[in-house]
Novice: 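Have a look at the structure that comes next, please.
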Number of protein chains: 2
Amino acid sequence: MQGLMQDWPLLCHRILDHAATFHAGRPIVSRMVEGPMHRTTYGEARDRALKVAQRLDRDGIRLGDRIATLAWNTFRHFEAWYGIMGIGAIYHTVNPRLFPEQIAWIVNHAEDRVMMTDLTFVPLLETLADRLPSIERYIVLTDAAHMPATSLKNAIPYEDWIAEADGDFAWRSFDENTAAGMCYTSGTTGHPKGVLYSHRSNVLHSMMASMGDAMGVSSRDVMMPVVPMFHANCWGIALTAPMNGATLVMPGMKMDGASIFQMLDENRVTCTAAVPTIWLMLLQHLEATGATLPYLRRVVIGGSACPRAMTEKFEKKYEVEVIHAWGMTEMSPLGSLCTIKPDYAGLTGEALLDLKVKQGHPPFGVEMRITDDLGRDQPWDGKTFGRLKVRGPAVTRAYFKDDTDILDERGFFDTGDVATIDPQGYMQITDRSKDVIKSGGEWISSIDLENLAIGHPKVAEAAVIGVRHPKWDERPLLIVVLKKDATAEKDEMLAFMRGKVADWWLPDDVVFVEEIPHTATGKIQKTALRERFRDYILPGSVAAE
Amino acid sequence: MQGLMQDWPLLCHRILDHAATFHAGRPIVSRMVEGPMHRTTYGEARDRALKVAQRLDRDGIRLGDRIATLAWNTFRHFEAWYGIMGIGAIYHTVNPRLFPEQIAWIVNHAEDRVMMTDLTFVPLLETLADRLPSIERYIVLTDAAHMPATSLKNAIPYEDWIAEADGDFAWRSFDENTAAGMCYTSGTTGHPKGVLYSHRSNVLHSMMASMGDAMGVSSRDVMMPVVPMFHANCWGIALTAPMNGATLVMPGMKMDGASIFQMLDENRVTCTAAVPTIWLMLLQHLEATGATLPYLRRVVIGGSACPRAMTEKFEKKYEVEVIHAWGMTEMSPLGSLCTIKPDYAGLTGEALLDLKVKQGHPPFGVEMRITDDLGRDQPWDGKTFGRLKVRGPAVTRAYFKDDTDILDERGFFDTGDVATIDPQGYMQITDRSKDVIKSGGEWISSIDLENLAIGHPKVAEAAVIGVRHPKWDERPLLIVVLKKDATAEKDEMLAFMRGKVADWWLPDDVVFVEEIPHTATGKIQKTALRERFRDYILPGSVAAE
């Protein structure tokens, strides 16, 4: 028997309608690429998003068409998302930090029909345009006064483009599983893979992200996503803020400490979110200037692990709650947040920091498992590692134009991370599954060993990889870059590490190198290291053979 | 084009799974009907709910079957809901405060197959059982030690009944639009009407209720629904609390001030919800004993309008935030909550109380309109009345076994209330649409006039009804019960009211009566008054004819 409740599809533009109806005057403040600050409201943004939808419709854009955006966080990018979604087209956020050839590959793979771009990226696109045959028109997110002369096809300033629409337009109706947005993951190997969000997944994800143990959003919040809209669906904030009627502050392209501080301070931001690198720059700015953060209450930190010292600085010195978070582009992206359960009420000092190095617990709508390589569930004891697998309405089941079945037999998506989960349900990432070292059937975390080695006063950088071993399958090799003018021996390194991890975790050997290779985004390029040390003979391994 | 996210139906038992997985040890505390307090956890509750599901399945209960519950808020009733939903059967909460013949009518209309009852209602059911032919078995929510001798068919104590199941059972899978729960509205006219919630509507409603501008729930909360599970879907709290991992405190059958205070205080409840009558009893208890509410942070008050003096007492004297709420059984039930938008940050004193007499603004997922009788939208100026209509995924589209189309041409449900909405989106109920007085095309609120008249020191009770008028269609008649030994004249009443409302609102006449008739739930029975004064001749109305 079916229930007798209304058929009300979960459509993203209903979020903007809600904001424009019940929080019409709430501000959206943007630092514009052109320079000055700009203020609008949800009411105005909805009116303009309707013009975007109407204009796209008049340009022949139809259900399922992809519209690329290469843009910073501003009100125009925000309006564009809703306008695109409101006719059932798909916003495709392209990360401008990718190599140009990757950008071209992604745009071609997505077959984007329109490119909306900030002024910043016009020169880049001019060099790429010949290789982007699917793009019929370039819309530059600016006004006529700032429009550059450009060779881009059918280029038009956004403001002129939407001025041709009168806004007398209604959102299109369609099924809630209709695709709404698209974001490619930049894997370390192979081509990028397209994640295709639906209206339903975006709406549900925003409801999940709003909850008290997630971001805990209300209309009293002033939210600033420093995380770009082109990075993992903006961590959902471009949808979560209007859903809750929270003020939205858009920092544009300036990510340095002084600029971010200015936005936080002038707009009295209460909740913000970005990767650790951003916060490092902010904290350095605060140290240098003596400025404080009297309005900021919560900072969501994810993308990579939040260093303990960063949490300590924010919480102790600036009295800002750190919410350590974990997610993936494939998860819309939030997976877990390290908010405090009542079991830990009153936790302070080192014990609190110990908790906050964990990536936390999921909201309703994210299921988690940790399994061994055979898919067997591992105990939630806070110690045993397992492959972290997730399931939920905002988790990917397949990639765009790719028939590969990526879910396990129970419908879970393998995150590629290795994690522990403790008895209270707090998850902690311990490694990437391709980096974990499998020694005699047991797993050793390369990240834990690296973090330990980096604590040695002479070490500038450290990497740990698994090297083939005839008896144990793999054993850890520690690769160290010493600080300038420092010298050290293998024994000194191992002596430093001994007693801080189980003895069988200790690296079998240590090599000192001049440099460790990095990816474009600054991560250690372990594939290159594994290649370089593929035939490395560990001490004792010949004897064992 | 469809998105590529996972198919993860919104099923209610997933809420309990989430609680049992990530908040396993969080308590459920109940005051038992048998007397003592009882403590369990979400982990245990899920295990026992699975036994309920398994046992129902073994008893031949199938998808779509209705299971009646006649029970107070306790952990057993909570488990039963999830066990029932988990096999796709439907919990049907029956309100024990209805007249016995209404209970029989409802159970027969729903064709309930099983009755789960608290000990309290065994005698009532024994007198009714002959008229409940669809009930195959009575399960008494108690253990063998407390089981009374009873004539009820196949009666068994709940604990014995679930002890026959080993819990090795998996929830059934089905579509998210499958019916999950049922609650009859007790209209003032005609038969009760069955509202049929779906899994989807219950889950979405819980997500909406969790948000920062609704109940603002987190795992740090201790939630006590004093509102019974048989009253308008427990205002969603039996689902919202476990969804957020909040502790659940179940007050059982004792609703007096001392008992409610004991539960609030011993369990350090942070958020509670009930109708004004309950809070009147609590406040009287606090006044009498000098007790305070150091742990309680929020009290959600709905069901009928929260008196201004009650809000003032809670907020000023006890420092508890009042969240004035409005909803309907047909809305799962939350429609709006009067939480403070940033526009009103810092509001204090009378201005804050002026705001808090309003029923507030809706969360994402509730759309509102106010229209005139012709369906034309009325301005949101905080003054113009209109029929309040709502739309959303947790709003009814039809009643059980009733083909009547109850939605308007845009798919909105007419709430039967008349309301204003102000420019900030705050809604205020001004009347029931059948009680509003329509004078010369304009609407006069009977409730506003009654509230005004009741302020006269000699008035014990007042009612205002519309009486037919040849020129104005209707004009207001004020009906007054004076306090004991008081005397007053029409002119004295009108003089008191003059200047406090528009002159054209002033009643055309005043009649003094010994008694005003009431419904079973204590509300003024306006239908009876309208009948009694049907042919009343207002002064001047003959001349106008």
Side-chain angles (χ1 to χ4, degrees), chain A residues 1-8 10 15 18 21-26 63-64 90 177-180 195-201 207-208 210-213 216-221 243-245 247 339-343 345 361-362 364 391-400 407 411 413 425, chain B residues 1-8 10 15 18 21-26 63-64 90 177-180 195-201 207-208 210-213 216-221 243-245 247 339-343 345 361-362 364 391-400 407 411 413 425:
Chain A
M1 186 179 295
Q2 300 274 289
L4 291 171
M5 309 310 277
Q6 294 185 9
D7 178 26
W8 196 88
L10 304 176
I15 294 174
H18 175 76
T21 306
F22 290 100
H23 305 275
R26 199 87 64 248
L63 198 74
I90 302 166
N177 291 305
T178 301
V195 175
L196 202 57
Y197 308 113
S198 66
H199 282 260
R200 174 183 166 99
S201 69
M207 296 178 91
M208 290 153 54
S210 305
M211 290 191 180
D213 285 74
V217 185
S218 84
S219 69
R220 280 129 2 243
D221 273 309
M243 175 178 276
N244 292 277
T247 295
T339 45
I340 304 297
K341 296 186 186 184
D343 319 76
H361 56 102
F364 172 77
R391 192 168 70 170
V395 179
T396 302
R397 67 174 155 80
Y399 294 107
F400 185 57
L407 306 185
F413 170 79
Chain B
M1 184 179 297
Q2 301 274 288
L4 291 172
M5 308 310 278
Q6 295 186 9
D7 178 28
W8 196 89
L10 304 175
I15 294 175
H18 175 76
T21 305
F22 289 101
H23 306 276
R26 199 84 66 249
L63 198 75
I90 301 165
N177 290 305
T178 301
V195 175
L196 202 56
Y197 307 113
S198 67
H199 281 260
R200 174 183 166 98
S201 69
M207 296 178 91
M208 290 153 53
S210 304
M211 291 191 180
D213 285 75
V217 185
S218 84
S219 68
R220 279 124 10 237
D221 273 310
M243 174 178 277
N244 292 277
T247 296
T339 45
I340 304 298
K341 295 187 188 184
D343 319 76
H361 56 104
F364 172 78
R391 192 168 72 169
V395 179
T396 301
R397 67 174 157 83
Y399 295 106
F400 185 57
L407 305 186
F413 170 80

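Keep in mind that the numbers below use all heavy atoms, side chains included, and drop hydrogens, waters and symmetry copies. Reminder, nothing fancy here: chain letters follow the sequence lines and each chain counts from 1.
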Novice: Specify which of A:L63, A:V195, A:T21, A:I15 makes the most heavy-atom pairs with chain B at under 4.5 Å.
Specialist: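 Going by pairs under 4.5 Å, I would pick A:I15.
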Novice: Run the side chain to side chain contact (heavy atoms under 4.5 Å, CB included) check on A:Q2 and B:T178 step by step: do they pass?
Specialist: CA-CA 4 Å; A:Q2 300 274 289; B:T178 301; 4.2 Å; yes
Novice: Check B:H23 against B:R26 and note the closest heavy-atom contact, atom names and distance.
Specialist: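 Heavy-atom minimum between the residues: ND1-NH2, 2.7 Å.
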Novice: With chain B as the partner, which of A:K341, A:H18, A:M5 has the greatest number of non-hydrogen pairs under 4.5 Å?
Specialist: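 Winner by heavy-atom pair count: A:M5.
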Novice: Among A:A179, A:G25, A:A394, which residue has the highest count of heavy-atom pairs closer than 4.5 Å to chain B?
Specialist: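 It is A:A179.
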Novice: Which pair of non-hydrogen atoms, one from B:V395 and one from B:F413, has the smallest distance, and what is that distance?
Specialist: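 Looking at all heavy atoms of both residues, the shortest contact is CG1-CB, 3.8 Å.
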Novice: Against chain B, label A:L10 side chain, backbone, both or neither, depending on which of its atoms sit under 4.5 Å from a heavy atom there.
Specialist: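 Answer is both: backbone and side chain atoms of A:L10 are under 4.5 Å from chain B.
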Novice: Quick one: of B:P342, B:G245, B:S198, who has the most non-hydrogen atom pairs under 4.5 Å with chain A?
Specialist: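 Looking at each of B:P342, B:G245, B:S198 in turn, B:P342 comes out on top.
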Novice: Can you tell which of A:G216, A:G64, A:P362 has the highest number of heavy-atom pairs within less than 4.5 Å of chain B?
Specialist: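 Sorted descending by pairs with chain B, the first entry is A:P362.
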Novice: Name the member of A:M208, A:M243, A:R200 that forms the most heavy-atom pairs with chain B at distances under 4.5 Å.
Specialist: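 Max contact count across the listed options: A:R200.
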Novice: Using heavy-atom distances under 4.5 Å, tell me whether B:I90 contacts chain A through its side chain, its backbone, both, or neither.
Specialist: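 When you check distances to chain A, only side chain atoms of B:I90 fall under 4.5 Å.
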Novice: Among A:A24, A:S201, A:A180, A:S210, which has the most heavy-atom pairs under 4.5 Å with chain B?
Specialist: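 Sorted descending by pairs with chain B, the first entry is A:S201.
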Novice: So which of B:R397, B:M1, B:M211, B:H361 has the biggest tally of heavy-atom pairs under 4.5 Å with chain A?
Specialist: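 Highest number of pairs under 4.5 Å: B:R397.
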Novice: For side chain to side chain contact (heavy atoms under 4.5 Å, CB included), just list the numbers for B:S218 and A:D213, CA-CA rounded to whole Å, side-chain angles, deciding distance to a tenth of an Å, and then say yes or no.
Specialist: CA-CA 6 Å; B:S218 84; A:D213 285 74; 3.3 Å; yes
Novice: Going by side-chain hydrogen bond (donor to acceptor under 3.5 Å, both in side chains), name the residues that satisfy it together with B:R391, two or more places apart in sequence or in a different chain.
Specialist: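 In terms of side-chain hydrogen bond (donor to acceptor under 3.5 Å, both in side chains), with neighbours along the sequence ignored, B:R391 is linked to B:E367.
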Novice: Check each atom of B:Y399 against the heavy atoms of chain A and say whether the ones under 4.5 Å are side chain, backbone, both or neither.
Specialist: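 Just the backbone, heavy atoms under 4.5 Å.
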Novice: Pick one of side chain, backbone, both or neither for A:V217, based on which atoms fall under 4.5 Å of a heavy atom in chain B.
Specialist: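 Backbone only.
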Novice: Counting only N and O atoms by type, is there a donor-acceptor contact under 3.5 Å from the side chain of A:Q6 to the main-chain atoms of B:P393?
Specialist: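 Not a single qualifying donor-acceptor pair exists.
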Novice: Between the main-chain N or O of B:I340 and the side-chain N or O of A:R220, is there a donor-acceptor pair closer than 3.5 Å?
Specialist: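 Answer holds: yes.
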Novice: Return the set of residues passing side-chain hydrogen bond (donor to acceptor under 3.5 Å, both in side chains) with B:T247 (not counting sequence neighbours), or none when no residue passes.
Specialist: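 Partners of B:T247 by the side-chain hydrogen bond (donor to acceptor under 3.5 Å, both in side chains) criterion come out as none, since no residue qualifies.
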